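Notes follow the structure.
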Amino acid sequence: MNILWESFKTFFKIGLFTLGGGYAMIPLIEEEVVNKKQWVAKDEMVDLIAIAQSCPGVFAINIAIFIGYKLRKTKGAVVTTLGTALPSFLIILLIAMFFHQFKENKLVAAMFRGIRPAVVALIAVPTFNLAKRAQLNKFTLWIPVLSALAIWLLGVSPIWIIIAAAVGGLLYGQLSAHNNTEMQSE
């Protein structure tokens with residue numbers, strides 16, 4: 001089957017059945033792209049997620065662009081992006097057309113209240129899976145915890161967290177390289 005059509009269908013399905021935004025898509029993307037289709041390796045997926053999170057824009061679109069580009073360069077990126085965005089666009093269009101008819105419907109309100117806890121779980125599971133794959137240990141666990149607390153309690157912009165993490169990673173890398181050079185010269 002044509003890889004462009006296959007990737008469009010895959011990302012359309014992901015976009016259609018994902019509630020809760022880009023982070024809730026991670027388990028579906030991993031299942032389809034890593035486990036079933038094997039378009040991306042598990043380790044590479046962790047890197048793509050990190051890059052997609054740090055780029056400006058919508059996470060789901062960013063990850064679709066990166067995976068599509070890996071598959072078929074620019075054409076692949078366009079196709080996977082359309083596949084990801086089109087379901088949301090169509091759903092919002094339908095909701096906008098008929099919103100006035102069901103905005104006061106108690107059944108619809110109850111459905112949305114029921115969906116909220118599931119969305120939290122859909123976001124929590126990939127977060128824990130990423131933490132495992134990032135090989136967090138007792139020496140590095142404080143980084144995401146302090147980052148989350150700084151954002152939540154102190155209102156620190158995530159941009160400053162990303163900048164601080166980049167600077168910290170750069171300094172750590174240089175320190176590690178310096179220490180390795182010293183150990184080899186002895």
Side-chain angles (χ1 to χ4, degrees), residues 1-97 99 115-116 118-136 143-144 147-148 151 157-170 172-173:
M1 182 180 285
N2 182 346
I3 189 73
L4 292 174
W5 175 243
E6 184 69 22
S7 60
F8 175 82
K9 285 188 339 185
T10 299
F11 278 88
F12 188 88
K13 181 172 73 171
I14 290 167
L16 189 62
F17 292 105
T18 304
L19 299 170
Y23 296 107
M25 285 183 163
I26 293 173
L28 290 171
I29 294 171
E30 278 190 295
E31 182 60 28
E32 290 294 322
V33 173
V34 176
N35 298 337
K36 287 184 181 175
K37 309 269 193 260
Q38 297 180 344
W39 290 335
V40 175
K42 279 189 180 229
D43 292 343
E44 190 177 15
M45 186 66 185
V46 173
D47 294 338
L48 289 175
I49 290 169
I51 293 167
Q53 287 174 325
S54 62
C55 289
V58 179
F59 172 80
I61 298 297
N62 290 346
I63 197 82
I65 289 169
F66 293 136
I67 293 170
Y69 190 83
K70 181 183 186 315
L71 294 174
R72 288 293 184 263
K73 303 294 180 208
T74 303
K75 284 182 185 178
V78 169
V79 166
T80 54
T81 300
L82 286 173
T84 303
L86 195 55
S88 297
F89 174 77
L90 295 174
I91 290 168
I92 295 300
L93 184 63
L94 286 171
I95 289 172
M97 290 170 52
F99 183 71
I115 289 172
R116 284 184 193 137
V119 169
V120 171
L122 286 171
I123 294 170
V125 168
T127 301
F128 290 118
N129 288 339
L130 283 171
K132 278 194 265 181
R133 280 194 225 125
Q135 300 172 345
L136 290 178
I143 297 170
S147 298
I151 292 168
S157 171
I159 293 169
W160 291 114
I161 300 294
I162 292 168
I163 291 169
V167 170
L170 180 65
Y172 177 77

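Predicted model only: the values in this text are computed from it and were never measured. Computed from heavy atoms alone, side chains included, the values below leave out hydrogens, waters and symmetry copies. If you read the sequence from its start, that first residue is 1, and numbering goes on from there.
Among all heavy-atom pairs drawn from Lys42 and Asn35, the shortest one is CE-OD1, 3.9 Å. When every heavy atom of Phe59 is checked against every heavy atom of Ile49, the shortest pair comes out as CE1-O, 3.8 Å. Residues Ile65 and Ala77 come closest through the heavy atom pair O-CB, 3.7 Å. Of all the heavy atoms in Val79 and Ser7, the pair that sits closest is CG1-OG, 3.7 Å. Smallest separation of non-hydrogen atoms from Ala60 and Met25: CB-SD, 3.2 Å. When every heavy atom of Ile63 is checked against every heavy atom of Ala52, the shortest pair comes out as N-CB, 3.9 Å.
From Ile67, atom CD1 reaches atom CE of Met45 across 4.5 Å, with rounding to the nearest 0.5 Å. In this structure, Thr10 OG1 and Lys37 NZ are separated by 4.0 Å, a value rounded to the nearest 0.5 Å. Taken from CD1 in Ile161 to CD1 in Ile151, the straight-line distance is 5.0 Å, to the nearest 0.5 Å. To the nearest 0.5 Å, atom CD of residue Gln38 and atom CD of residue Glu32 are 12.0 Å apart. Remark: Lys36 NZ to Glu31 CD distance equals 5.5 Å, nearest 0.5 Å. Interatomic distance, CG of Leu16 versus OG of Ser88, reported as 8.5 Å (0.5 Å rounding).
Screening residues 43-69 for salt bridge (Lys or Arg N to Asp or Glu O under 4.0 Å) gives Glu44-Lys70 as the qualifying pairs, with residues at least two apart or on separate chains.
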Legend entry - Phe11 and Val33: CA distance, side-chain angles, deciding distance, side chain to side chain contact (heavy atoms under 4.5 Å, CB included) verdict: CA-CA 9 Å; Phe11 278 88; Val33 173; 4.0 Å; yes
Exercise for review: I would like to know whether Thr80 and Tyr69 meet side chain to side chain contact (heavy atoms under 4.5 Å, CB included); could you show each step before the answer?
Suggested key: CA-CA 9 Å; Thr80 54; Tyr69 190 83; over 6 Å; no
Can you list the steps and then say if Leu71 with Leu4 is a side chain to side chain contact (heavy atoms under 4.5 Å, CB included)? CA-CA 8 Å; Leu71 294 174; Leu4 292 174; over 6 Å; no
| request: With side chain to side chain contact (heavy atoms under 4.5 Å, CB included) as the test, would you mind laying out the steps for Phe12 and Leu82 before giving the verdict? | output: CA-CA 8 Å; Phe12 188 88; Leu82 286 173; over 6 Å; no
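The shortest side-chain heavy-atom distance between Phe66 and Cys55 falls under the 4.5 Å cut-off.
Atom CD1 of Ile159 is surrounded by 12 or fewer heavy atoms from other residues, nucleotides or ligands within 6.0 Å.
Taking Glu30 as the reference, Arg133 meet the salt bridge (Lys or Arg N to Asp or Glu O under 4.0 Å) condition, with sequence neighbours excluded.
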